[in-house]
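Labels below follow one simple rule: chain letters A, B, ... track the order of the sequence lines, proteins then strands, and each chain is numbered from 1. Please read all numbers here as calculations on a predicted model, not as lab measurements.
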Amino acid sequence: MLSIKNLKVEIQGKEILKGINLEARAGEVHAIMGPNGTGKSTLASVIAGREVFDVTGGKIIYKGKNLFDLSVEARACEGIFLGFQYPVEIPGVSLVNFMKTALNEQRKYKGLDPIPAKEFLQKMEQTKKLLEMQTSLTTRSVNEGFSGGEKKKNEIFQLAMLEPTLAILDETDSGLDIDALRVVASGVNKLRTENNTFIVITHYQRLLEYIVPDFVHVLFDGRIVKSGGRELAIELEEKGYEWIRQHT
Amino acid sequence: MEKDQNNILEEITQQDYKYGFYTDIEMDIFPKGLNEDTIRMISDRKNEPEFMLDFRLKAFRKWQEMTEPQWAHIKYKSIDYQDIIYYAAPKKKKTLSNLDEIDPELIETFNKLGISLEEQKRLTGVAVDAVIDSISVKTTFSATLAKLGIIFCSFSDAVQNHPDLIQQYMASVVPINDNFFAALNSAVFSDGSFCYVPKGVRCPLELSTYFRINAANTGQFERTLIIADEGSYVSYMEGCTAPMRDENQLHAAIVEIVAMKDAEVKYSTVQNWYPGNKKGEGGIFNFVTKRGICKGNNSKISWTQVETGSAITWKYPSVVLMGDNSIGEFYSVAVTNHYQQADTGTKMIHLGKNTRSTIISKGISAGHSNNSYRGLVKMIKRAENARNFTQCDSLLLGDKCGAHTFPYIHNENKSSIVEHEATTSKISEDQLFYCKQRGIDSENAVGLIVNGYAREVLKHLPLEFAIEAQKLLAISLEGSVG
Ligand SMILES: Nc1ncnc2c1ncn2[C@@H]1O[C@H](COP(=O)(O)OP(=O)(O)OP(=O)(O)O)[C@@H](O)[C@H]1O
Ligand SMILES: [Mg+2]
């Protein structure tokens, strides 16, 4: 599914990712943890194709394709989804309209006709139910005036609507209350299949109690310094990053 | 990255004008130039009563004493008024049975523009008056409307058939010497639309006028007069396009609206005159005077405009709030691209008590264009408890364009309240990335964001127009991301 080889990334001359290696296969869930400012969001953005970052080395292969040959929107249409750490507001554009546009653009890319209105509305209703989302949210402008938690939930709503094959969730858990966290996690679990891959970026092992990862990676100062199973997250929480620092 | 966005912007803004074709029809065209004889000839061609000729000549004499206004934030080569053709009309073919027979070429033209002159399209619920160059070629649904006592016809027909109404109301809102362009229009106007809605009647159809400049070197000077009698309601739409030409063409129109007690008039415009090419050559000079008067108590006039066309737009649809409790509204989206210049806004003149006005203006500038909002809110001493709310937003796409706001407020009244809010923003890289990450390409993303930005205004358009306007907004900015 995804193969990252020795990825090096700079912004404004400052090196942020210093040689990342990561292999993720279909059906797997990978968790990425690590202190603030170590490059987790940067990694997610680069996979999604954000232009502000300069890739200075390495490559990313996704479904056999060199990602650097694809535009941001083409990557999205190929099934890459990024759940943003800080979702942006788009005033005046209703979430329904936004989702319909996105879904149809992705269908167009695949040579499909636009989704029939009825089918779309049904899908939306089901998804809202799945995430126990307030019905009024979809008629409001994208993220405008949404609470922190609503914004995060909305990211998962979009994920469920678009059904990507590679979903990267950047701190989707921060800002969610305990109940919302459970709802969102169970939503994600329902969306898990053997054909898709999740990369979950988080600071808290609590999320990983719900979304159980196959692998946990620790990103530290631009490198993945430690990888392990579920238990690594628990160990991290107990010992803190100082423990990593001493062992690298 | 910054460069990248400007590239996209450039691509989007390279879109071609889709209404730029020219129709080859036989025309009755006057020689260039303007003097009293020209005016007599116009009046004569139209077989006008004496009072019309007098009106025109009076206006012409005033106009000669006036000078072109210089205060707007626009720059252009001065107009040579002797180098313009003041009358061009499609020649009526000698017809077989039906005198109203229109040149099929003309029908074809309007079909291309997506306007049906055939009454078969009843379902659309829109009555159309089509004005090509100087002449109204066809008004649809007149008979249906007549049953309700609504008069909807060309201005020329109204002069012939309803001279009393014309004499009573023409220039009652925009006096002939109101401004340079209004005086010019009053002298040479050729045709336009006329509408009278009688007491207590709610007009069941959207009335619509479609203006098309076709002939070269011609000025278009149309005149619209709408009278809504006590307790009546009418919604009126105006659309306009023109062929692509290298030279500039002048359009100087007048729209007057009178709303009597308890009456309501909604006037919507989607202005898409040819804006000129990417280098700023050609395009329509659009100098328009639009004004309504809320004459009676509790009356309401609301202007909604989507301005995407013209090389130059100079236009301030205004409301004089004379009746107590009357309401004036102005909702505007003005888009400028390439080298387009727009100086547009409104005047809300509060004369009556408890009068209220709302101004929502959204300027969107791209390319090398300049986009200005100019608005006046005036409240006289008598206008107790008057209220105005103004919101004036500018969106910049790219870094070579300009946005300006010139709000003027004259409040002579302690009990009145004027609120003004203004913002300037750019489409952020974050917003674009967010859209693109969901699979929406830059072009569609800009269309989406701009339409969202303009939604507050677009929602006031009649449905038929709203869809057209949304597409138009996306097209006129295709590629422009800043
Ligand atoms: N647009 C930018 N301009 C300048 N520096 C940036 C930019 N984006 C990220 N950085 C820097 O890159 C580094 C990594 O940031 P990143 O957002 O990837 O961290 P993170 O691991 O996601 O942190 P957190 O846990 O706080 O979300 C930080 O030092 C940050 O300041
Ligand atoms: Mg982060």
Trainee: If you count every heavy atom of other residues, nucleotides or ligands that lies below 6.0 Å from Arg374(B) atom CZ, does the total exceed 12?
Mentor: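 Atom CZ in Arg374(B) is packed in, count exceeds 12.
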Trainee: Report which part of Arg50(A) has an atom under 4.5 Å of a heavy atom belonging to chain B: side chain, backbone, both, or neither.
Mentor: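 Contact with chain B involves both backbone and side-chain atoms of Arg50(A).
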Trainee: Which bit of Ile80(A) is near chain B, if near means a heavy-atom gap under 4.5 Å: side chain, backbone, both or neither?
Mentor: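 Both the backbone and the side chain of Ile80(A) come within 4.5 Å of chain B.
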Trainee: Can you tell which part of Tyr453(B) gets under 4.5 Å to a heavy atom of chain A, answering side chain, backbone, both or neither?
Mentor: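 Just its backbone gets close to chain A.
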Trainee: Quick one: what part of Ser71(A) sits under 4.5 Å from any heavy atom of chain B, side chain, backbone, both or neither?
Mentor: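 Nothing of Ser71(A), per the 4.5 Å heavy-atom cut-off to chain B.
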Trainee: Is the NZ or CZ atom of Arg438(B) both under 6.0 Å from the centre of the six-membered ring of Tyr434(B) and within 45° of that ring's axis?
Mentor: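 Yes, Arg438(B) and Tyr434(B) form such a contact.
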Trainee: Could you pull out all residues at least two apart from Lys65(A) that satisfy salt bridge (charged side-chain N to carboxylate O under 4.0 Å, His left out)?
Mentor: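 Lys65(A) satisfies salt bridge (charged side-chain N to carboxylate O under 4.0 Å, His left out) with Glu78(A) once adjacent residues are dropped.
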Trainee: At a heavy-atom distance under 4.5 Å, which candidate from Asn97(A), Leu103(A), Leu162(A), Val93(A) has the highest pair count against chain B?
Mentor: Val93(A)
Trainee: So for Tyr86(A), is it side chain, backbone, both, or neither that comes closer than 4.5 Å to the heavy atoms of chain B?
Mentor: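 Contact with chain B is absent: no heavy atom of Tyr86(A) under 4.5 Å.
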Trainee: Where does Tyr109(A) contact chain B at under 4.5 Å (heavy atoms): side chain, backbone, both or neither?
Mentor: neither
Trainee: For the interface with chain B, which of Met99(A), Glu155(A), Arg75(A) has the highest count of heavy-atom pairs at distances below 4.5 Å?
Mentor: Glu155(A)
Trainee: Please look at Pro87(A) and chain B and tell me whether the side chain, the backbone, both or neither of the residue comes under 4.5 angstrom of a heavy atom of that chain.
Mentor: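 Both backbone and side chain.
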Trainee: Which of these passes side-chain contact (heavy atoms from CB on, under 4.5 Å) with Cys435(B): Ile90(A), Val88(A), Val72(A)?
Mentor: Ile90(A)
Trainee: What part of Asn143(A) lies closer than 4.5 angstrom to a heavy atom of chain B: side chain, backbone, both or neither?
Mentor: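 Just its side chain gets close to chain B.
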Trainee: Is it the case that more than 12 heavy atoms not belonging to Lys59(A) sit under 6.0 Å from its NZ atom?
Mentor: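 Not buried by this count: 12 neighbours or fewer within 6.0 Å.
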Trainee: Is it the backbone or the side chain of Leu82(A) that comes under 4.5 Å from a heavy atom of chain B, or both, or neither?
Mentor: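 When you check distances to chain B, atoms from both the backbone and side chain of Leu82(A) fall under 4.5 Å.
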Trainee: Got more than 12 heavy atoms from elsewhere within 6.0 Å of NZ, Lys100(A)?
Mentor: no
Trainee: Checking Lys290(B) now: which residues fulfil salt bridge (charged side-chain N to carboxylate O under 4.0 Å, His left out) with it, not counting sequence neighbours?
Mentor: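 Here the qualifying residues are Glu238(B).
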Trainee: Does the distance from a Lys or Arg side-chain N to an Asp or Glu carboxylate O, for Lys315(B) and Glu307(B), drop under 4.0 Å?
Mentor: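 Result for this pair is yes, salt bridge flagged.
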